Amino acid sequence: MIQRIQSVYLFLVAVCAVICLCMPVGHFHQDGIGVADFYNLWLTMADGARVFAPWAMFVLLVLAAFTSFAAIFLFKRRMFQVRLSVFSSLILVGYYIVFGVFVYVFKSRYDADFTLSWTAAFPAVGLILDYLAFRNIMKDELIVRSLDRLR
């Protein structure tokens with residue numbers, strides 16, 4: 001059923017991903033002067049120009065949000081729902097790997113310091129919520145399997 005707690009967890013994963021998509025995840029600065037704002041889809045330079053180099057981070061977050069939201073409606077296929085939640089978790093881990101690579105590359109290219117924004121924590125919260133959803137889906141699956149033995 002859709003009203004299970006894991007559906008709430010999966011919905012919150014999608015919400016966290018969408019919030020992270022809309023807000024900057026960090027700022028580059030040199031000697032206290034802002035060089036660029038780092039979003040998931042672009043890098044906004046101080047002169048207002050946008051560099052669309054980090055588009056891969058955007059794609060990963062959209063994919064994580066979509067898989068988590070789609071998993072909500074697959075409550076009748078619990079094992080597929082488990083696979084989607086694990087896939088979403090792997091996507092979020094991949095997001096942080098890609099995020100680290102882009103920060104390293106941009107720091108060396110612009111010779112700037114990087115300040116992390118609080119919105120960069122949303123995928124980590126989504127990762128924890130994915131784990132909680134996985135645990136509850138597996139708990140439901142074990143209950144259903146144990147009831148099948150009693151019949």
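These numbers were taken from a predicted model, which means no experiment stands behind them.
- The hydrophobic side chain of Leu142 is isolated, with no ILVMFWY side chain under 4.5 Å apart from it.
- With a 4.5 Å cut-off on side-chain heavy atoms, Arg83 and Phe87 do not count as touching.
- In summary, the aromatic rings of Trp42 and Phe38 are positioned with their centroids too far apart to meet the 6.0 Å limit.
- Scanning both residues, Ser89 and Leu127, for their nearest heavy atoms gives O-CD1, 3.3 Å.
- To the nearest 0.5 Å, the span separating CD on Gln6 from CZ on Phe75 amounts to 11.0 Å.
- More than 12 heavy atoms of other residues, nucleotides or ligands lie within 6.0 Å of CZ in Arg78, so this atom counts as buried by the packing criterion.
- Every residue two or more places apart in sequence or in another chain was checked for a side chain to side chain contact (heavy atoms under 4.5 Å, CB included) with Tyr104, and none qualifies.
- In this structure the side chain of Arg4 reaches within 4.5 angstrom of the side chain of Asp140, judged on heavy atoms.
- At least one side-chain heavy atom of Gln81 sits less than 4.5 Å from a side-chain heavy atom of Leu10.
- At a cut-off of 3.5 Å, with distance as the only test, a side-chain donor of Ser88 or Asp130 sits close to an acceptor on the other residue.
- Remark: Arg109 fails to qualify as a cation-pi partner of Phe106 under the 6.0 Å distance and 45° angle criteria applied to the six-membered ring.
- No single ILVMFWY cluster, assembled from side-chain heavy atoms under 4.5 Å apart, contains both Phe73 and Phe80.
- Taken together through direct or relayed side-chain contacts under 4.5 Å among Ile, Leu, Val, Met, Phe, Trp and Tyr, Leu41 and Phe114 form part of one hydrophobic cluster.
- When every heavy atom of Ser68 is checked against every heavy atom of Val13, the shortest pair comes out as OG-CG1, 3.1 Å.
- Here Cys20 contributes atom SG and Leu61 contributes atom CG; the two are 5.0 Å apart, rounded to the nearest 0.5 Å.
- Put simply, the side chain of Ile5 reaches to within 4.5 Å of the side chain of Tyr9, judged on heavy atoms.
- Checking His29 against Thr115 by side-chain atom types alone, a donor-acceptor pair falls below 3.5 Å.
- For Thr119 against Val25, the heavy-atom pair with the smallest separation is OG1-CA, 3.7 Å.
- Residue-environment remark: OH (Tyr96) exceeds the threshold of 12 foreign heavy atoms within 6.0 Å.
- Summarising the geometry of Val105 relative to Ser108, their closest heavy-atom pair is O-OG, 2.9 Å, with the distance given to 0.1 Å.
- Ring geometry for Phe99 against Tyr95 counts as parallel: the plane angle stays under 30°, on a 0 to 90° scale with 60° as the upper cut.
- The hydrophobic cluster containing Leu12 does not contain Val18, counting ILVMFWY residues as joined when their side-chain heavy atoms lie under 4.5 angstrom apart, directly or transitively.
- A donor-acceptor contact shorter than 3.5 Å is absent between the side chain of Ser85 and the backbone of Ala133.
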Trace of the side chain to side chain contact (heavy atoms under 4.5 Å, CB included) decision for Phe102 with Met57: CA-CA 9 Å; Phe102 276 116; Met57 294 171 41; 3.7 Å; yes
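- Side-chain atoms of Arg50 and Met45, non-hydrogen and from C-beta on, never get closer than 4.5 Å to each other.
- Using a 4.5 Å cut-off on side-chain heavy atoms (C-beta onward), Asn136 and Phe134 make no contact.
- Between the Gln30 side chain and the Val35 main chain, no donor and acceptor come within less than 3.5 Å of each other.
- At least one side-chain heavy atom of Val98 sits under 4.5 Å from a side-chain heavy atom of Leu60.
- Atom-to-atom distance recorded for Phe58:CZ and Asn40:CG is 8.0 Å, nearest 0.5 angstrom.
- Shown here is Phe11, whose CZ atom has no more than 12 heavy atoms of other residues, nucleotides or ligands within 6.0 Å.
- Within 6.0 Å of CZ on Phe66 lie no more than 12 heavy atoms contributed by other residues, nucleotides or ligands.
- Across Leu92 and Gly126, no two heavy atoms sit closer than the pair CD1-C, 3.7 Å.
- Going from atom CE of Met23 over to atom OG of Ser117 covers 6.5 Å, rounded to the nearest 0.5 Å.
- Counting heavy atoms from C-beta outward, Leu43 and Phe28 have side chains that approach closer than 4.5 Å.
- Expressed to the nearest 0.5 Å, how far CG of Leu84 lies from CZ of Arg77 amounts to 9.0 Å.
- In this structure, Ile91 is a member of the same hydrophobic cluster as Trp55, with clusters built from ILVMFWY side-chain heavy atoms closer than 4.5 Å.
- Separating the CD1 atom in Ile143 from the CE atom in Met138 is a distance of 11.5 Å, to the nearest 0.5 Å.
- Closest approach of Trp118 to Phe122, counting heavy atoms only: CZ3-CE1, 3.4 Å.
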